[in-house]
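Structure first, then comments.
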Amino acid sequence: MNEWDADVARLREQVADLHDELVRYNLVAWTAGNVSARVPGRDLMVIKPSGVSYDDLTPDLMVVCDLDGVVVSGDLAPSSDTAAHAYVYRAMPDVGGVVHTHSGYATAWAAVGEAIPCHLTAQADEFGGEIPVGPFALIGGDDIGKGVVATLAGHRSPAVLMRNHGVFTIGADARAAVKAAVMCEDVARTMYLARTLGRPVPIADADVDALHDRYQNVYGQPGSTATTAV
Ligand SMILES: [Zn+2]
């Protein structure tokens, strides 16, 4: 097994396992949702196959595609969101993982077309401000990927709410992107609850900056990968 094969084998296993996290955190229904990982140093990614039950997702069923979304290795068709993942990897060289879900609370914000304002310290930590809304885009071509990249370019957030659709997150690796998807749903839920209680109290911009900087650079164990920053 050469080095490239070893990387692909490791990422097939990691990407398959990370789909269990989407189920564990209640981010997906039926076969919706997908995780991908960039193969380091190669113009390739590992992504979930289309339409396979989460219970049946094993490493050998993961699909390897190039960054135009063309299948390089795998017996099944890749996720219907492959073009969007591929566009993000082409446009954002530091991104090593991409996740897409229709998680309920975050997608409710996407349905009303409203960014999630930053009124929680946990949101300042993880997202560095609002979680923005991206444009409406039809699935299949590059429009979703373009919308994701253009929206994230103007924000520190690793998550974007694509209008009327759902969540896309990025990370330095696939696990970081999954963490961002979990945290995005958590923040979306809490802010929804806050809105039902009354008017959420803002956090000063300087405090958002301080929280984000501390979390991204200091928080966690030395040498650990606590952040989702890319
Ligand atoms: Zn979708």
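Both counts, for ligands and for their atoms, begin at 1 and track the order of listing.
Take a cut-off of 2.8 Å around the Zn ion (ligand 1): the protein N, O or S atoms inside it are His100 NE2, His102 NE2, His165 NE2.
Looking only at side-chain heavy atoms (C-beta outward), Glu126 and Val187 stay at 4.5 Å or farther from each other.
For the atom pair His165 NE2 and Thr101 OG1, the distance stands at 9.0 Å (nearest 0.5 Å).
Side-chain N/O atoms of Ser36 and Tyr89 include a donor and acceptor closer than 3.5 Å. A side-chain donor-acceptor contact under 3.5 Å links Asn34 and His85. Of the N and O atoms on the side chains of Arg12 and Ser73, at least one donor lies less than 3.5 Å from an acceptor on the other residue.
Surrounding OH of Tyr192 are at most 12 heavy atoms belonging to other residues, nucleotides or ligands under 6.0 Å away.
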